[in-house]
Protein chains: 2
Amino acid sequence: MVKLDDTELDRTFAALADPTRRALLARLGSQDGASVSELAEPFPVSLPAILKHLNVLSDAGLITRQKTGRTVTCRLNAGPMADAMAWLDHYQQFWSTRLDRLTEFVENDPS
Amino acid sequence: MVKLDDTELDRTFAALADPTRRALLARLGSQDGASVSELAEPFPVSLPAILKHLNVLSDAGLITRQKTGRTVTCRLNAGPMADAMAWLDHYQQFWSTRLDRLTEFVENDPS
DNA sequence: GTCTAACTTAACCATGTGGTTAAGTGTATG
DNA sequence: CATACACTTAACCACATGGTTAAGTTAGAC
């Protein structure tokens with residue numbers, strides 16, 4: 001939410017541009033912490049392929065990896081998404097006034 | 001805002017992953033309609049390079065192009081951004097400090 | 001008709017991406 | 001200690017991306 005370095009936005013959007021990576025993030029959103037092999041299991045691709053995706057997500061700062069013993073636990077780090085969302089937010093005026101009440105709620109929230 | 005076709009999200013996020021393209025969108029956000037050469041002028045790259053970027057933006061549905069005479073007017077079409085934002089919205093709980101009241105709002109929402 | 005401006009397409013190049021298989025590095029476990 | 005497990009790295013491949021220069025359309029201007 002802090003440094004709006006452009007290359008960071010680049011990496012964030014690029015990381016989100018792949019369905020496998022979005023699925024990985026979704027998994028980490030619904031389950032707090034998962035091992036690499038656990039994450040890879042549902043996908044029909046090799047483990048190294050998933051590793052590469054995880055590296056992209058790490059480089060974008062969207063996940064963190066913590067090694068304990070021989071297993072590595074991945075966790076969601078949604079911070080960069082907030083920056084992406086903030087960027088998109090500037091264009092909300094262009095997709096017609098009514099947005100879902102959820103966003104409205106957040107933005108009108110006085111705290 | 002309707003069809004959450006994954007390949008569409010792919011293209012949207014991919015299109016947003018380039019600073020030149022985000023700058024083009026920013027320009028079209030502050031100025032309603034601009035010709036191709038007008039858009040290309042501020043950038044230190046060749047016109048065909050900008051053309052390619054505009055094609056990516058068109059393919060992602062983020063701009064429309066309308067030919068009048070020999071000039072082509074580009075206009076912002078923010079619709080796909082709304083989809084991207086909706087996707088990101090699911091993760092707001094992971095960075096929002098207002099997590100509790102937000103989830104509360106969603107869960108108690110009678111609709 | 002000719003010229004020129006506005007845009008597009010073509011051909012090429014370097015680099016990045018998403019996948020593979022095979023080999024390497026640690027860390028439990030028997 | 002040997003072996004297997006969890007993850008990583010290496011080497012390779014096909015294809016996409018972002019850039020270039022050069023050539024091709026098409027529509028006004030002279």
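In what follows, every chain begins at residue 1, and chains take the letters A, B, ... in the order their sequences are listed.
Counting heavy atoms from C-beta on, the side chains of B/Asp18 and B/Val56 never come closer than 4.5 Å. You'll find the side chain of A/Leu25 reaches within 4.5 Å of the side chain of B/Tyr91, heavy atoms only.
When A/Leu57, A/Thr64, A/Val36 are each tested for a side chain to side chain contact (heavy atoms under 4.5 Å, CB included) with A/Cys74, only one passes: A/Val36.
In this entry the distance linking CG of A/Asp10 with C1' of C/dG16 reads 14 Å, nearest Å. Distance CZ (B/Phe13) to P (D/dT17): 17 Å, rounded to an integer number of Å. Residue A/Asp18 contributes atom CG, which lies 18 Å from atom P of D/dC15 at whole-angstrom precision. Taking atom CD1 of A/Ile50 as the reference point, atom P of C/dG18 lies 12 Å away to the nearest angstrom.
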Query raised in the report: Would B/Arg75 and B/Asp32 satisfy salt bridge (charged side-chain N to carboxylate O under 4.0 Å, His left out), going step by step from the backbone distance to the final call?
Result: CA-CA 6 Å; B/Arg75 250 171 261 280; B/Asp32 176 57; 3.3 Å; yes
Query raised in the report: Does the side chain to side chain contact (heavy atoms under 4.5 Å, CB included) test come out yes or no for B/Trp87 and A/Leu16, once each step is laid out?
Result: CA-CA 10 Å; B/Trp87 188 90; A/Leu16 295 175; 3.7 Å; yes
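Under the side chain to side chain donor-acceptor pair (under 3.5 Å) criterion, B/Ser58 pairs with B/Arg65, sequence neighbours left out.
Look at A/Thr71 and you won't find any side-chain N or O under 4.0 angstrom from OP1 or OP2 of C/dT27.
With hydrogens and angles ignored, the 3.5 Å screen pairs no side-chain donor or acceptor of B/Arg21 with any backbone N or O of B/His53. The main-chain N or O of B/Ala34 is never found under 3.5 Å from a side-chain atom of B/Arg27 such that the two would form a donor-acceptor pair.
Of the residues in residues 51-70 of chain A, those with a non-hydrogen atom less than 4.0 angstrom from any atom of DNA chain C are A/Lys52, A/His53, A/Gly69, A/Arg70. Taken residue by residue, residues 40-49 of chain A places heavy atoms nearer than 4.0 Å to DNA chain D at A/Leu47, A/Pro48.
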